[in-house]
Peer 1: 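Here's a structure for you.
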Amino acid sequence: MKQDYGSLQDCAVRAVLASFCMKARTAGPKAAQREATVHLVAAAAYLDQEVGVEKTTNILRATIASMGSGSNEKH
């Protein structure tokens with residue numbers, strides 16, 4: 001049986017975003033932006049080493065699309 005990895009990834013993205021937004025509120029915008037940037041760069045570097053540039057690009061595109069498919073309200 002084939003799993004729908006897109007849906008699994010979408011759920012994971014939403015869970016991580018919700019968690020990060022809660023932490024960011026207490027850390028403040030500058031600290032949250034710095035932490036998010038560091039994590040994004042680290043995740044992209046990890047993915048690049050593990051699955052290659054093309055798959056990394058696809059994962060990042062799907063993640064950005066997933067973020068945009070939710071509500072447009074600020075967290």
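All values derive from a computational prediction rather than experimental measurement.
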Peer 1: Whether the side chain of Thr57 engages the backbone of Val53 through a donor-acceptor N/O pair (distance < 3.5 Å, no angle test) should be reported.
Peer 2: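 Side chain of Thr57 to backbone of Val53, a donor-acceptor pair under 3.5 Å: yes, one is there.
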
Peer 1: State which residues pass side chain to side chain contact (heavy atoms under 4.5 Å, CB included) with Val38; sequence neighbours excluded, sorted by chain then number.
Peer 2: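 If we apply the side chain to side chain contact (heavy atoms under 4.5 Å, CB included) test to Val38, skipping adjacent residues, there are no hits.
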
Peer 1: Which residues satisfy the side chain to side chain contact (heavy atoms under 4.5 Å, CB included) test with Val51, sequence neighbours excluded?
Peer 2: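 If we apply the side chain to side chain contact (heavy atoms under 4.5 Å, CB included) test to Val51, skipping adjacent residues, the hits are Leu47, Lys55, Thr56, Ile59.
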
Peer 1: Name all residues meeting the side chain to side chain contact (heavy atoms under 4.5 Å, CB included) criterion together with Phe20; count only those two or more places apart in sequence or in a different chain, and write none if there are none.
Peer 2: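 Residues passing side chain to side chain contact (heavy atoms under 4.5 Å, CB included) with Phe20: Ala24, Ala32, Glu35, Ala36.
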
